[in-house]
J.: 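Let me give you the structure first, and then I'll get to my questions.
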Amino acid sequence: MAKDKTLYTCSECGASSPRWLGKCPGCGAWNTLVETVAETPGAGKNRLSGAQYAGLAPAQQVVPLSAIEASEVARTATGLAELDRVLGGGIVEGGVVLIGGDPGIGKSTLLLQALDALQHLGLPVLYVTGEESGAQVALRARRLGLAASQVQVLAEIQLEKILATVDAVQPAVCVIDSIQTIYSDQLASAPGSVAQVRECAAHLTRLAKASGIAIVFVGHVTKEGAIAGPRVLEHMVDTVLYFEGDTHSSFRLVRAIKNRFGAVNEIGVFAMTEQGLKGVTNPSAIFLSQHSEPVPGSCVLVTLEGTRPLLVEIQALVDGGGVSPRRLSVGLDRDRLAMLLAVLHRHAGVACADQDVFVNAVGGVRISEPAADLAVLLAITSSLRAKPLPKGFIAFGEVGLAGEVRPAPRGQERLKEAAKLGFTVAVVPKANAPKKPIAGLTIHAVERVEQAMDAVRGLA
Ligand SMILES: Nc1ncnc2c1ncn2[C@@H]1O[C@H](COP(=O)(O)OP(=O)(O)OP(=O)(O)O)[C@@H](O)[C@H]1O
Ligand SMILES: [Mg+2]
């Protein structure tokens, strides 16, 4: 097959060169040239201007927004309730989903289970495996108890062959495992390169939109945890899901980072078992470690993930540092930790300047909401003073640079969930204090960090 001419185009300014250059000849930026396919002569017509367009194509009718009928998107629930929750109710016709996560976390497992469930509903489904052979996929299916599954499997990595097969099979849902292994004949660069991933994803996305086939891409992640390849991949797709969780524990979280068809930050919780991933329907208490008695440096936070309150234990260890003390956090933002330590010093008079400070969110869960601030500060002071917080204690609230404690969204729901799980004492922002008391829960409403410290000291 004759190859189209290859061009190198700058991702910043769009200038192109027939050779790869380290420095863009257009804008002078470094390392911005990526391989692209040279446009066919016809494509250049788009650059015509003004009246010249009229000769090429008739002007199209425009319609006011109000005249367009807004039909609800057609969704198919997979039957895996936790997956449906993050997808916003199910797989959307013509929708494109990208699912990323660490190696071995369970991406292929989850998607194989989902395809099998969809196939049981009578939908034609296709699993394109670029990473494993058909035999390996069959072996996994057997382990998952899906030996008799009618999921169609294609072991292929060449884009053109995949497109032709998808067109012929016309599945309702097609999984591409993984997008980084697929390559197009049109580009000379290796599979997984920025140009290949972008080109292959763009072709498949176009196919999804044109044919109504829902496509799910599995994406590799970089060492830092971001989806490997071009950033544009996340813009191209409708939904981005990330697998989170500590591979050493059996719990896995799937979080919606972007969703054009549903809420973001919604999470689905699964447990990895011999028979695959099983949804955890009531996950509020799984991120608590079991201490028989309260221990210093531990504070339970009620966080809100998507639409669901979760109780997560925040652990802190403050220990004698050296000349340059360390601040380390797992599952929480490190810059925010440094800021909180400064607030603690300035407004509550608690100094950790000469101490190492380690903070951890139990269970491998990642917490990005600022409502975790108060729990982090209370865990740190508890560790520093070697005094545990009272039994059955929870906290939440955002802490500002001026030392103020700001309300967290949907405080009532958080408090009710904590009460339901048997927690008895809470320190929360004043604006989150409920008007009517919550049975079994004593609430201390605070407006400032120093008040929170005093409230806790009074409880001990
Ligand atoms: N016999 C088994 N019993 C329990 N769990 C198993 C068993 N075999 C595999 N697993 C689990 O399945 C995981 C592999 O899942 P899977 O292959 O779906 O991951 P993945 O995210 O697709 O990985 P990759 O990025 O390598 O493709 C293993 O890490 C392990 O946790
Ligand atoms: Mg896999």
Side-chain angles (χ1 to χ4, degrees), residues 78-80 82-83 86-87 91 97-119 125-147 149 151-157 162 173-183 190-193 196-197 200-201 204 215-229 233-234 237 239-257 267-280 283 286 363-366:
T78 61
L80 304 179
E82 292 295 298
L83 179 63
V86 281
L87 288 171
I91 296 243
V97 179
L98 172 66
I99 179 159
D102 288 342
I105 199 148
K107 303 178 290 295
S108 308
T109 306
L110 180 66
L111 293 174
L112 196 60
Q113 286 179 254
L115 284 190
D116 181 68
L118 288 166
Q119 164 260 307
V125 294
L126 178 65
Y127 183 88
V128 180
T129 166
E131 271 172 10
E132 295 166 300
S133 65
Q136 278 174 294
V137 177
L139 205 64
R140 174 176 303 115
R142 204 142 304 157
R143 177 166 60 79
L144 302 177
L146 313 175
S149 177
V151 172
Q152 303 290 316
V153 179
L154 170 71
E156 184 54 66
I157 55 171
I162 295 171
V173 184
C174 173
V175 168
I176 307 286
D177 190 358
S178 66
I179 188 68
Q180 276 84 6
T181 54
I182 311 296
Y183 78 96
S193 64
Q196 284 283 9
V197 172
C200 294
L204 288 159
I215 296 192
V216 183
F217 298 137
V218 173
H220 288 175
V221 294
T222 59
K223 216 163 55 194
E224 291 75 37
I227 301 263
L233 193 57
E234 289 171 63
V237 301
T239 306
V240 181
L241 306 181
Y242 265 96
F243 253 102
E244 285 175 16
D246 183 355
T247 34
H248 302 293
S249 92
S250 66
F251 293 113
R252 304 281 188 276
L253 273 82
V254 179
R255 188 189 294 268
I257 300 293
I267 61 164
V269 184
F270 295 91
M272 179 60 95
T273 70
E274 177 89 9
Q275 283 79 40
L277 290 158
K278 295 256 184 303
V280 178
I286 60 175
V365 58
R366 245 175 257 164

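When a ligand or atom number is given, it counts from 1 through the structure's own listing order. Please read all numbers here as calculations on a predicted model, not as lab measurements. Values below: all heavy atoms of this structure, side chains included; hydrogens, waters and symmetry mates excluded.
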J.: Going from OH on Tyr242 to CZ on Arg255, what distance comes out if it is rounded to the nearest 0.5 angstrom?
T.: 11.5 Å

J.: Tell me whether Leu110 has any N or O atom under 3.5 angstrom from an N or O of ligand 1.
T.: no

J.: Run the side-chain contact (heavy atoms from CB on, under 4.5 Å) check on Leu241 and Leu87 step by step: do they pass?
T.: CA-CA 8 Å; Leu241 306 181; Leu87 288 171; 4.0 Å; yes

J.: Can you spot which of His220, Gln136, Gln180 makes a side chain to side chain donor-acceptor pair (under 3.5 Å) with Glu131?
T.: His220

J.: Show me which atoms of ligand 1 lie under 4.0 Å from any heavy atom of Ser108.
T.: 18 (O), 20 (P), 22 (O), 27 (O)

J.: Nearest 0.5 Å, what's the CG-CD distance between Leu146 and Gln275?
T.: 10.0 Å

J.: Would Arg140 count as a contact of ligand 1 if the rule is a heavy atom under 4.0 Å away?
T.: yes

J.: Between Pro103 and ligand 1, is there a nitrogen or oxygen pair with a distance under 3.5 Å?
T.: no

J.: Report the protein N/O/S neighbours of the Mg ion (ligand 2) that fall below 2.8 Å; do not count waters.
T.: Ser108 OG

J.: Within 4.0 Å of atom 30 (C) of ligand 1 (strictly less), any protein heavy atom?
T.: no

J.: Which residue, Val173, Val237, Thr239, Val240, forms the side chain to side chain contact (heavy atoms under 4.5 Å, CB included) with Val97?
T.: Thr239

J.: Go through Leu144 and Asp116 one step at a time and tell me if the side-chain contact (heavy atoms from CB on, under 4.5 Å) criterion holds.
T.: CA-CA 10 Å; Leu144 302 177; Asp116 181 68; over 6 Å; no

J.: Distance from Arg140 atom CZ to Ser108 atom OG, nearest 0.5 Å?
T.: 4.5 Å

J.: At a non-hydrogen distance cut-off of under 4.0 Å, which region of Lys107 contacts ligand 1 (side chain, backbone, both, or neither)?
T.: both

J.: Judged on heavy-atom distance to atom 12 (O) of ligand 1, which of Met272, Gln180, Glu274, Gln136 sits nearest?
T.: Met272

J.: Supply the atom-to-atom distance Leu253 CG to Ile267 CD1, rounded to the nearest 0.5 angstrom.
T.: 4.5 Å

J.: I'd like the name of whichever of Arg143, Arg252, His220 reaches closest to atom 2 (C) of ligand 1 through any heavy atom.
T.: Arg143

J.: Of all heavy-atom pairs between Val128 and Cys174, which one has the smallest distance, and what is that distance?
T.: CG2-SG, 4.0 Å

J.: Counting both backbone and side chain atoms, is some N or O of Thr109 under 3.5 Å from an N or O of ligand 1?
T.: yes

J.: Show your reasoning for whether side-chain contact (heavy atoms from CB on, under 4.5 Å) applies to Val269 and Glu82.
T.: CA-CA 6 Å; Val269 184; Glu82 292 295 298; 4.1 Å; yes

J.: Let me confirm one number: the CD-CD1 distance from Glu156 to Ile176, rounded to the nearest 0.5 Å.
T.: 10.5 Å

J.: Around atom 19 (O) of ligand 1, find the nearest protein heavy atom and jot down its residue, atom name and distance.
T.: Gly106 N, 3.1 Å

J.: What residue and atom, counting heavy atoms only, is the protein's closest point to atom 27 (O) of ligand 1, and at what distance?
T.: Glu131 OE1, 3.4 Å

J.: Start with the C-alpha distance between Leu111 and Val216, add both sets of side-chain angles, then the distance that settles side-chain contact (heavy atoms from CB on, under 4.5 Å), and finish with yes or no.
T.: CA-CA 9 Å; Leu111 293 174; Val216 183; 3.9 Å; yes

J.: Looking only at protein heavy atoms, which one is nearest to atom 28 (C) of ligand 1, and what is the separation?
T.: Gly104 O, 3.6 Å

